[in-house]
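So the structure is just underneath, and the comments pick up after that.
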Protein chains: 2
Amino acid sequence: MPNSTRNRASTGNSAKKNSEKKTTVTPSPERRRELLSTAAEVFAAQGYNATTVRRIADEAGMLAGSLYYHFDSKESMVDEILSTFLNELWAGYDEVLGAGLGPRETVEALVTESFREIDRHRAAVAIYQKESQHLSTQPRFGYLTESRGRFERAWLGALERGVAEGVFRADLDIRLAYRFLRDTVWVAASWYRPGGLHSPEEIARQYLSMVLDGITPREEQARRDRTQRKTQRQTQRP
Amino acid sequence: MPNSTRNRASTGNSAKKNSEKKTTVTPSPERRRELLSTAAEVFAAQGYNATTVRRIADEAGMLAGSLYYHFDSKESMVDEILSTFLNELWAGYDEVLGAGLGPRETVEALVTESFREIDRHRAAVAIYQKESQHLSTQPRFGYLTESRGRFERAWLGALERGVAEGVFRADLDIRLAYRFLRDTVWVAASWYRPGGLHSPEEIARQYLSMVLDGITPREEQARRDRTQRKTQRQTQRP
DNA sequence: CGGGTTCCCTAACAAGTGTTTGGTAGGTTA
DNA sequence: TAACCTACCAAACACTTGTTAGGGAACCCG
């Protein structure tokens with residue numbers, strides 16, 4: 001819970017000290033969630049900055065000003081969208097990480113969990129992908145940077161252990177591998193549509209199959225191992 | 001050359017029909033490129049919509065209005081950035097595609113070429129990644145959608161041929177594989193910094209190694225082939 | 001010298017932006 | 001019935017945005 005976006009509390013632009021009595025407006029949480037859902041959809045489709053508050057209100061069937069009965073600001077809308085998503089995501093991740101799995105199984109579980117989150121929060125994930133870098137400069141969104149760090153530690157840890165135990169290749173740059181894993185998983189949010197041909201689990205399985213075993217068939221791999229030694233010597237020796 | 005962004009020609013907002021004599025201003029192309037370069041940098045860092053024309057001018061050491069001596073509009077700046085990037089990209093791609101390579105070699109060459117383009121146009125690639133979906137709704141940026149189609153045909157073609165020839169696995173959803181390939185290559189633009197530890201060719205090599213052969217070592221793959229038959233039967237049989 | 005060209009500045013405009021204020025219909029409670 | 005609360009509207013405000021018009025300094029060319 002990185003932010004306390006209850007009720008109205010004006011981010012304090014100016015000309016208004018907190019000498020006012022507690023405003024007694026209490027918007028219903030269900031309505032909030034409804035509005036946040038449509039807002040997330042528009043943000044994901046148009047981009048945060050390109051989305052006007054009037055457009056969101058339009059989509060929700062009301063006028064721009066009415067949104068401010070439920071929310072402090074446009075900013076606090078993305079804030080709530082992103083933070084609730086990340087909270088749920090880390091709940092799932094922490095469960096995986098605490099299960100005491102082996103490195104390969106950890107990676108498999110993390111990937112599968114990620115695709116499940118995309119299935120449930122595809123709009124939020126898309127927003128996270130596009131705007132997180134830009135938003136995380138503001139102190140309000142510091143938890144984005146923090147989350148990035150936790151990602152890195154979790155993935156890199158599993159990869160390093162895997163290399164140590166011999167279940168992952170040792171000849172690859174582990175940080176490169178981490179970035180590829182991380183990015184490819186999350187960009188799926190840009191094309192994934194829930195209720196499509198593939199379930200999140202099926203996508204995870206295919207994705208893991210590619211990343212773990214490669215897109216080259218075994219026979220072809222073996223054949224190449226036999227015939228390509230010389231060329232490898234030419235390019236790889238310093 | 002999808003757009004003719006020469007000189008000034010006011011996109012025709014209003015109150016100005018083209019009854020005026022040919023304006024004789026001729027900004028130097030070199031200065032244009034300089035300005036476009038800094039503009040691209042800011043766009044990539046902040047996002048297109050979040051970037052104000054004043055910020056670009058600031059970075060270039062001049063005032064907002066002065067930019068309009070060189071460019072029609074903010075929009076035509078991204079336009080020129082993206083279109084020149086795509087032109088160069090397709091010059092390289094077409095060369096690869098016309099070389100009559102085998103499917104695996106085509107994929108290798110396309111990936112390598114892509115990372116070279118990222119090395120040269122990282123800002124443009126980052127912009128393309130973030131804004132292309134949003135921009136391509138406008139007719140002016142129709143060439144973005146067109147380019148997307150060409151991408152798909154090129155990659156899918158190579159993958160299909162590869163499956164037919166037995167150099168790529170037949171048990172994978174080829175469209176999924178395409179999306180993974182495409183996305184992972186281009187997201188690299190978000191973290192790649194030219195002059196860093198790895199050359200574009202080295203990154204391409206590592207990336208191809210992962211995608212083609214997987215991150216699991218051969219012995220481990222073989223071991224799993226032997227021991228995991230039952231579990232595969234359980235999950236994969238319909 | 002004087003005309004022309006290149007490149008930028010000053011200063012403003014009009015449209016669009018997020019946000020606030022005061023009001024009010026309709027339901028619930030006392 | 002009266003008081004209250006929820007959820008919205010109507011209308012505006014302050015500010016930022018992209019963009020334009022006119023001018024001027026520096027330089028080149030005759």
Side-chain angles (χ1 to χ4, degrees), chain A residues 5-17 20-36 38-39 42-43 46-79 138 140, chain B residues 5-17 20-36 38-39 42-43 46-79 138 140:
Chain A
T5 18
R6 320 190 173 201
N7 302 3
R8 322 184 52 188
S10 157
T11 38
N13 210 357
S14 66
K16 186 195 260 191
K17 327 225 159 120
E20 42 182 342
K21 37 196 139 175
K22 214 184 271 176
T23 26
T24 47
V25 286
T26 328
S28 90
E30 304 111 48
R31 186 64 174 135
R32 280 176 73 95
R33 272 192 291 271
E34 278 182 32
L35 293 174
L36 278 181
T38 79
V42 186
F43 283 149
Q46 322 247 29
Y48 172 69
N49 281 285
T51 299
T52 78
V53 140
R54 284 162 176 65
R55 180 84 169 75
I56 300 176
D58 221 49
E59 212 77 20
M62 54 195 225
L63 292 184
S66 308
L67 282 175
Y68 288 81
Y69 171 70
H70 299 274
F71 306 100
D72 284 347
S73 61
K74 180 187 174 187
E75 211 182 59
S76 71
M77 293 190 212
V78 236
D79 190 350
Q138 298 173 252
R140 172 175 198 168
Chain B
T5 18
R6 321 189 170 201
N7 304 2
R8 322 184 53 186
S10 160
T11 37
N13 210 356
S14 67
K16 187 196 260 191
K17 329 223 158 124
E20 43 183 342
K21 38 197 141 175
K22 213 185 272 174
T23 26
T24 46
V25 287
T26 327
S28 90
E30 304 112 47
R31 186 63 174 136
R32 279 177 72 95
R33 273 192 290 271
E34 279 182 33
L35 293 174
L36 278 182
T38 79
V42 186
F43 283 149
Q46 322 246 29
Y48 173 68
N49 281 285
T51 299
T52 79
V53 136
R54 284 165 175 77
R55 180 83 168 75
I56 300 175
D58 221 50
E59 212 77 17
M62 57 196 223
L63 291 184
S66 309
L67 282 174
Y68 289 81
Y69 171 72
H70 299 274
F71 306 100
D72 284 345
S73 61
K74 180 187 174 187
E75 212 183 58
S76 71
M77 293 191 212
V78 236
D79 191 350
Q138 297 173 253
R140 173 176 197 168

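Predicted model, so just to flag it, every value in this text is computed and none were measured. Each chain gets a letter, A, B and so on, in the order the sequences are listed, and its residues count up from 1.
- Atom OH in B:Tyr68 sits roughly 15 Å away from atom P in C:dC9 (whole-Å rounding).
- A close approach under 4.0 Å does occur between a side-chain nitrogen or oxygen of B:Arg31 and OP1 or OP2 of C:dC8.
- Base pairing in DNA chain D gives the following stems of 3 or more Watson-Crick or G-U pairs, range against range and under 3.5 Å: C:4-13 with D:18-27, C:18-30 with D:1-13.
- What separates CZ of A:Phe71 from P of C:dG18 is a distance of 15 Å, to the nearest Å.
- Judged by distance alone with a 3.5 Å cut-off, no donor-acceptor contact links the side chain of A:Arg54 to the base of C:dG16.
- The existence of a salt bridge linking B:Glu30 and B:Arg33 is excluded, since no basic side-chain nitrogen approaches an acidic carboxylate oxygen closer than 4.0 Å.
- Relative to the six-membered ring of B:Tyr48, B:Lys74 meets both conditions, a distance below 6.0 Å and an angle of at most 45° to the axis.
- In this structure, the CG atom of A:Asp79 is 17 Å from the C1' atom of C:dG18, given to the nearest Å.
- At the phosphate of C:dC8, OP1 or OP2 sits under 4.0 Å from a side-chain N or O atom of B:His70.
- Place A:Ser66 and B:Ala64 on DNA chain D by their nearest nucleotides, and A:Ser66 ends up nearer the 5' end.
- When each of C:dG18, C:dC9, D:dC9 is scored by its nearest atom to the side-chain atoms of A:Met62, the top-ranked nucleotide is D:dC9.
- To the nearest angstrom, P of C:dG26 lies 17 Å from OH of A:Tyr69.
- Between A:Ser28 and the phosphate of D:dT6, there is no side-chain N or O to OP1/OP2 separation shorter than 4.0 Å.
- Legend: salt bridge (Lys or Arg N to Asp or Glu O under 4.0 Å) pairs involving residues 61-71 of chain B, not counting sequence neighbours: none detected.
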